[in-house]
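Counting from 1, the numbers follow the sequence of the chain as shown.
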Amino acid sequence: MENKPMNKGKCLTLESLNAIPILAMMERSSLPWGMKDKNSRYVYMNAASLAYFNVPEKFDFEGMTEDEFPCRWSALAQYYQLHDRKAEQTPGGAEIITMTYYGKDQILEPNYCPKFPLYSQTGEVLGTIFYTKKLSCVSITDFLINYDHRLSRSRRR
């Protein structure tokens, strides 16, 4: 088999990762993503994050902390900020599950949110980067019904 040179412009390599803007990935994501500085002030939220957290359209979130948001979940600001500090101090980040009102319909639902330290090129912690998603809970009954259904289909083949 002949070794053909790869097109470097279209091949993902360790060297090419520096050319990929992380914000471009977040902007296209359907998951809510955001970044905060070391003082828990928001620096970035993608469109999915603004919608999920029900941030008013004209609200300028940049430089604001959770307690300054005109949203129901802002009452949990002190806990979110403790979570930020833990994520900044832990190389593997930190995870939480919260239960509050999300989306424009203000539905009370569980939310999974891992946060990771955001580093400068010299290794200094600049803040946190996070994503969040609705936590889907499956009861043991739902699991067994679904499992039994899949098992029945596989036996028919």
Are any side-chain N or O atoms of Ser120 and backbone N or O atoms of Thr122, one a donor and one an acceptor, separated by less than 3.5 Å?
-> yes
Is any side-chain heavy atom of Met99 closer than 4.5 Å to a side-chain heavy atom of Leu108?
-> yes
Please confirm whether the backbone N or O of Lys115 pairs with a side-chain atom of His83, one donor and one acceptor, at under 3.5 Å?
-> no
Main-chain N/O of Asn39 paired with Asp37 side-chain donor or acceptor, under 3.5 Å = yes
OH/Tyr79: more than 12 non-hydrogen atoms of other groups inside 6.0 Å = no
Measure the acute angle between the ring planes of Phe61 and Tyr42, then classify it against the limits of 30° and 60° as parallel, tilted or perpendicular.
-> perpendicular
Atom CD in Gln81, atom CD in Glu66: separation rounded to 0.5 Å?
-> 5.5 Å
Do Leu31 and Tyr52 share a hydrophobic cluster, counting only Ile, Leu, Val, Met, Phe, Trp and Tyr and linking them when any side-chain heavy atoms are less than 4.5 Å apart?
-> no
Over all atoms of both residues, closest heavy-atom pair of Ser49 and Pro32 = CA-CB, 3.4 Å
May I ask you to check whether Glu124 and Tyr119 show a side-chain donor-acceptor distance below 3.5 Å?
-> no
Do Phe116 and Phe130 have ring centres separated by under 6.0 Å?
-> no
Leu126, Val43: one ILVMFWY side-chain cluster at the under-4.5 Å cut-off?
-> no
Residue pair Tyr44 / Glu62, side-chain donor-acceptor N/O under 3.5 Å = no
Look only at the side chain of Trp73 and the backbone of Phe53, and say whether a donor-acceptor pair between them is shorter than 3.5 Å.
-> yes
Identify whether Leu23 and Leu50 are in the same connected component of the hydrophobic contact network (ILVMFWY, side-chain heavy atoms under 4.5 Å).
-> no
Do Thr132 and Asn111 have side-chain atoms, one donor and one acceptor, less than 3.5 Å apart?
-> yes
Evaluate the criterion side-chain contact (heavy atoms from CB on, under 4.5 Å) for residue pair Lys86 and Ile96; output intermediate values, then yes/no.
-> CA-CA 11 Å; Lys86 184 175 180 182; Ile96 60 170; over 6 Å; no
Checking side-chain contact (heavy atoms from CB on, under 4.5 Å) for the pair Glu109/Leu135: CA distance, chi angles, key distance, verdict?
-> CA-CA 8 Å; Glu109 60 189 9; Leu135 186 62; over 6 Å; no
Path from Ile129 to Tyr112 over hydrophobic side-chain contacts below 4.5 Å | yes
Ignoring hydrogens and geometry, is there a side-chain-to-backbone donor-acceptor pair from Glu68 to Thr65 under 3.5 Å?
-> yes
Does the side chain of Ser40 come under 3.5 Å of the side chain of Arg85 through a donor N or O and an acceptor N or O?
-> yes
Quick one: does Ser74's side chain have a donor or acceptor within less than 3.5 Å of a partner on Pro70's backbone?
-> no
Is there a chain of hydrophobic side chains (I, L, V, M, F, W, Y, each step under 4.5 Å between heavy atoms) that links Tyr80 to Phe69?
-> yes
Is the closest basic N to carboxylate O distance between Lys36 and Glu88 below 4.0 Å?
-> no
Heavy-atom donor-acceptor pair, Asn46 side chain to Ser30 backbone, under 3.5 Å | no
